[in-house]
Amino acid sequence: MTLLTEPAADPKAAIRAARWKEFRSFARRFFRNPLGVVGLFIVLVLIFVAAFAPWIATHDPYMPTLTARLAAPSAEWWFGADELGRDIYSRLVHGSRLTLLIVALVIVTSAPLGLIIGAVAGTRGGWIDAVFMRITDVFLAIPKLLLALAFVAALGPGIVNAALAITLTAWPPYARLARAEAMVVRNSDYVNAVRLAGASEFRIIVFHVIPMCLSSVIVRMTFDMAGIILTAAGLGFIGLGAQPPLPEWGAMISTGRKFIFDQWWVATVPGIAIFTVSLGFNLLGDALRDLLDPHLRQRK
Amino acid sequence: MTDNLPRPLRLLLGFASWLLTVAITLVGLASLTFFIGRVLPIDPVLAIVGEKALPEVYDRVYLELGLDKPIWQQFIEYLGKLLRGDFGISYSTNRPVFTDLLSFFPATLELATIGLVIGVALGVPMGVASAYWHEKWPDHLIRVIGLIGYSVPIFWLGLVGLFVFYYKLGWVSGPGQVDVFFTGIVPRITGFILVDAAIAGEWEVFWNAVSHMILPAVLIGYFSLAYISRMTRSVMLDQLSREYVLTARLKGASEFTVVVRHALGNAAIPLVTVIALSYGGLLEGSVLVETIFAWPGIGNYLYSSLFAADMNAVLGGTLLVGIVFVLLNMLSDVLYAALDPRSRSLANK
């Protein structure tokens, strides 16, 4: 109550304290959801493994050992060896970097792109809105994987092109989200107050509309990361993603495909890695949505 | 503005604006494939003829593609060709892409349809159960099953399925549509192998095809199940918290009546949209599944065209699936309007 009646001695400190309290209560509620904690753990392990890959790996991921070709899992080759005698475990460890790289590339490009398009469309309205939303609908109307396939087929295979292609398919949901949020706030009192104070439309969009979308965007991003991992792996599997000898997980399954009946570990182990990581992001996303989604929060 | 027009005219206007939206989306789709095929490659001619082509060949293809004309004129011509069903010639099969697509499409459609039936038959009851026992163990179990479906790479699950059920256990047949010595026995009438076998009365072929189809269909079905059960759950949660459910319970209706007749009855309308959309998702998912199971559908066609650098075929296939997507969206709009009494009264407003 003291906060309301008399101004705090140091308003910045008060804000910081309030934020800290908010964060603590958020963390407490998050840790009550065991599945979300599992998801967070998986994601943290992925980041840790990617950061310290050279120390965690037991072999050089590119070094063939011809005597160990297609070796079964053993004390020396933890998850076996592939058709050139490269250690699958070490390749998995190094592959985590590629996975994170693609995810990061797609997220940092697609989310801001979608946010800006959606926020501009929602704030300005009128024909800008109509045109932008038509474009969004066209992109939403095409199946993601196929569009990505066609793009990479035209651009040429490779990790950056794959990420670019996935970006082109990943931005429309963000635009939708941001537009819906912008339409709600664009005529709210506080936005009108800022507008009266002389703020430019650009300032309104960047400082007053986009921040309102962030919590839904974070939830969406977490789910998206699982989808991006799967699409990237699919492209890698088809041979349009990372090129050999890069240890990309989808491409590893693709080479292991020939040996699925006799040396099953070559193809199955990378799949388990993809599955685990994508499950981790999905679990985390589920838990975050329960906490952050304003629509769900209202219902409870 | 349109409020004082007579009702049939208003409906017609609504229909026209809806049709316009669909048309714009389709043109947008075509401009996207045009962009990918003509603008994105540095030299579309080289992409077709390869680097070692003779100058005469290069010039001929250059003129055939109409690259000497301005880009907007090229686009108009491209649209005109599409309208006539001319998707270009596939450079790997040397046949019109459209003919190719028509001959490969039924196999994909058959697989996706059976997958969808599996997904709906299991996914809707699972979603209802999940919502009914909200936050209890059945809910958690079903959510985890769904989440696994969302997280697993479909091509990998196909490989593991082949390894376990075909190679180790021998319960199902391997890749392909039928065994080698059964191929070509059944005359092709509809393109759906099961239907054709039944028409021809070749039951041996029929059951062989079933044993080939069961694994990919269950796989595809699992993925739509994950989506459908999740959406059913959220729609049902919303319905079960409404007051009419409480009213029905107070009046002494049985739980079955409350949940299935009242709540699921109301949930059915949004679910139709969900199911129509997941059908489109299945067509896409079948690309990866078909390559694993050597299934002679669109997915496999796209896959082999990609390796032949056959852009006409790749873009034609993308366009076809995109058009089916848009049509399914349209269908779900129409179904929604037909099923929901409120949207009808809204149109009458």
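All values below come from the heavy atoms of this structure, side chains included, with hydrogens, waters and symmetry mates left out.
Of the listed residues (A:Ile274, A:Leu283, A:Leu145), the greatest number of heavy-atom pairs within a distance under 4.5 Å of chain B belongs to A:Leu145. When the candidates B:Ile24, B:Val326, B:Val27, B:Leu32 are compared by the number of heavy-atom contacts under 4.5 Å with chain A, B:Leu32 comes out ahead. Interface check for chain A: of the options B:Val160, B:Asn329, B:Thr291, the most heavy-atom pairs under 4.5 Å are formed by B:Thr291. Of all the listed residues (B:Ile292, B:Leu157, B:Leu162), the one sharing the greatest number of non-hydrogen pairs under 4.5 Å with chain A is B:Ile292. Among the candidates B:Val324, B:Val321, B:Val314, B:Leu26, the residue making the largest number of heavy-atom pairs closer than 4.5 Å to chain A is B:Val321.
With no hydrogens or angles considered, a side-chain donor-acceptor pair links B:Asp310 and B:Ser90 at under 3.5 Å.
Using a 4.5 Å cut-off between heavy atoms, A:Leu279 contacts chain B through both its backbone and its side chain. Of the atoms belonging to A:Ala226, not a single heavy atom falls under 4.5 Å from chain B. Heavy-atom distances place no part of A:Phe281 under 4.5 Å from chain B, backbone and side chain included. Neither the backbone nor the side chain of B:Ile323 comes within contact range of chain A; no heavy atoms are under 4.5 Å apart. If you measure heavy-atom distances from A:Ile272 to chain B, the contacts under 4.5 Å come from both the backbone and the side chain. Of the two parts of B:Leu288, only the side chain, counted from C-beta on, holds a non-hydrogen atom closer than 4.5 Å to a non-hydrogen atom of chain A. Proximity to chain A (any heavy atom under 4.5 Å) is restricted, for B:Leu306, to the side chain, taken from C-beta onward. Heavy-atom distances place the side chain of B:Phe155, and not its backbone, under 4.5 Å from chain A. Both the backbone and the side chain of B:Thr21 come within contact range of chain A, each with at least one heavy atom under 4.5 Å from a heavy atom of that chain. When heavy atoms are compared at a cutoff of 4.5 Å, B:Tyr150 approaches chain A by way of both its backbone and its side chain.
In this structure, B:Phe75 CZ and B:Leu79 CG are separated by 4.0 Å, a value rounded to the nearest 0.5 Å. Distance CG/B:Leu82 to OG1/B:Thr33: 6.5 Å, rounded to 0.5 Å. Rounded to the nearest 0.5 Å, atoms CD1 (A:Ile107) and CG (A:Leu100) are 11.5 Å apart.
In this structure a side-chain-to-backbone donor-acceptor pair under 3.5 Å is missing from A:Tyr174 to A:Leu113.
Taking the six-membered ring for Trp and thresholds of 30 and 60 degrees, B:Tyr167 and A:Phe261 have nearly parallel ring planes, at less than 30 degrees apart. Between B:Phe104 and B:Tyr301, the ring planes are parallel. Angles under 30° get that label, and only those over 60° would be called perpendicular.
The existence of a salt bridge linking B:Asp139 and B:Lys136 is excluded, since no basic side-chain nitrogen approaches an acidic carboxylate oxygen closer than 4.0 Å.
For B:Trp18, the CH2 atom is densely surrounded, since the number of other residues' heavy atoms within 6.0 Å is greater than 12. Residue B:Tyr166 qualifies as open at atom OH: its count of foreign heavy atoms under 6.0 Å is 12 or below.
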